[in-house]
Q: 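Mind looking over this structure? Questions follow.
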Amino acid sequence: MADPGGTDAGVANWVRVAALPELPPGTMFGIEVDGQPICLANAEGEVYALADNCTHEDFPLHDGELDGTELECALHGACFDITTGRATRLPAVKPVRTYAVKIEGDDIFVAL
């Protein structure tokens with residue numbers, strides 16, 4: 001179970017966002033939860049959730065490329081570590097927000 005942080009999962013509101021079979025390893029997609037765009041990514045069997053907008057320029061990260069745990073924004077090539085949200089390549093310098101994730105059976109939950 002991935003728990004990348006970004007929120008206090010102990011008091012968080014867990015929301016079911018997808019089924020695990022919809023997100024095979026090496027894939028990602030965008031969803032909206034309570035008005036918040038979120039990118040779900042499956043890196044090598046671990047599921048991560050992060051804000052679905054590049055911090056360099058508002059562009060959906062789920063349109064980018066996933067290579068292991070690194071996500072490259074399709075607009076200008078900024079990269080982020082999906083496990084921490086840390087910007088790993090310019091032009092982005094600010095981290096992207098991450099959300100705690102838990103898997104129960106085939107259900108993916110994100111802490112808001």
Q: If the test is side-chain contact (heavy atoms from CB on, under 4.5 Å), which one of Thr88, Thr55, Thr69 qualifies with Phe80?
A: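 One option only clears the test, and that one is Thr55.
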Q: Starting from the C-alpha separation in whole Å, work towards a yes-or-no answer on side chain to side chain contact (heavy atoms under 4.5 Å, CB included) for Ile108 and Ile103.
A: CA-CA 5 Å; Ile108 302 170; Ile103 308 296; 3.7 Å; yes
Q: Report, as yes or no, whether the 6.0 Å neighbourhood of atom CG on Asp107 holds more than 12 heavy atoms from other residues, nucleotides or ligands.
A: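 Atom CG in Asp107 is packed in, count exceeds 12.
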Q: Counting C-beta onward and ignoring hydrogens, is there a side-chain heavy-atom pair between Ile82 and Leu66 closer than 4.5 Å?
A: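 In contact.
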Q: Check whether any side-chain N or O of Asp52 sits under 3.5 Å from a backbone N or O of His62 as a donor-acceptor pair, and report yes or no.
A: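 Side chain of Asp52 to backbone of His62, a donor-acceptor pair under 3.5 Å: yes, one is there.
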Q: Determine, stepwise, if the pair Leu50 / Leu61 fulfils side chain to side chain contact (heavy atoms under 4.5 Å, CB included).
A: CA-CA 9 Å; Leu50 54 154; Leu61 289 174; 3.9 Å; yes
Q: How far apart are the closest heavy atoms of Ala78 and Cys54, and which atoms are they?
A: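 Minimum heavy-atom separation between Ala78 and Cys54: CB-SG, 4.1 Å.
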Q: Is there a side-chain contact between Cys39 and Leu71, using heavy atoms and a 4.5 Å cut-off?
A: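 When only atoms from C-beta onward are counted, Leu71 and Cys39 do touch, with a gap below 4.5 Å.
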Q: In this structure, would Val15 and Leu23 fall into the same cluster of hydrophobic residues linked by side-chain contacts under 4.5 Å?
A: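 Looking at the clustering, Leu23 is in the same group as Val15.
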Q: Of all heavy-atom pairs between Ala18 and Phe29, which one has the smallest distance, and what is that distance?
A: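 Taking Ala18 first and Phe29 second, the nearest heavy atoms are CB-CZ, 3.9 Å.
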Q: Got Leu40 and Val17 here, is their nearest side-chain heavy-atom distance under 4.5 Å?
A: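 Leu40 reaches Val17 side chain to side chain.
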Q: Are the side chain of Asp67 and the backbone of Glu70 linked by a donor-acceptor contact shorter than 3.5 Å?
A: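 Checked: no pair found.
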Q: Quick one, Thr83 and Tyr48 - any side-chain contact, counting heavy atoms below 4.5 Å?
A: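 Side chain of Thr83 against side chain of Tyr48, heavy atoms only: contact under 4.5 Å found.
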Q: Determine whether Glu65 and Met28 make a side-chain contact, defined as any pair of heavy atoms from C-beta on separated by less than 4.5 Å.
A: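 Contact flag for Glu65/Met28 side chains = no.
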Q: Any side-chain heavy atom of Leu112 sitting closer than 4.5 Å to one from Asp34?
A: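 They are in contact (side-chain heavy atoms under 4.5 Å apart), so the answer is yes.
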Q: Quick one: does Glu22's side chain have a donor or acceptor within less than 3.5 Å of a partner on Ala19's backbone?
A: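 Here the side-chain-to-backbone pair exists.
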Q: State, to 0.1 Å, how close Ala74 and Phe59 come at their nearest heavy-atom pair, and which atoms those are.
A: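 Scanning both residues, the minimum pair turns out to be CB-CE2, 4.0 Å.
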Q: Passes side chain to side chain contact (heavy atoms under 4.5 Å, CB included), Glu57 versus Leu75? Steps please.
A: CA-CA 8 Å; Glu57 191 164 323; Leu75 188 60; 3.8 Å; yes
Q: Between the side chains of Arg16 and Glu104, is the shortest nitrogen-to-carboxylate-oxygen separation below 4.0 Å, so that they form an ion pair?
A: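 Result for this pair is no, no salt bridge flagged.
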Q: Going from NE2 on His76 to CZ on Arg89, what distance comes out if it is rounded to the nearest 0.5 angstrom?
A: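 Answer for the NE2-CZ pair, His76 versus Arg89, is 13.0 Å.
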Q: Can you find a heavy atom in the side chain of Glu72 that is under 4.5 Å from one in the side chain of Cys79?
A: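 Answer yes - side chains close enough.
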Q: Please name the pair of heavy atoms, one in Ile38 and one in Ala49, separated by the smallest distance, quoted to 0.1 Å.
A: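 Of all heavy-atom pairs spanning Ile38 and Ala49, the closest is CG2-CB, 3.9 Å.
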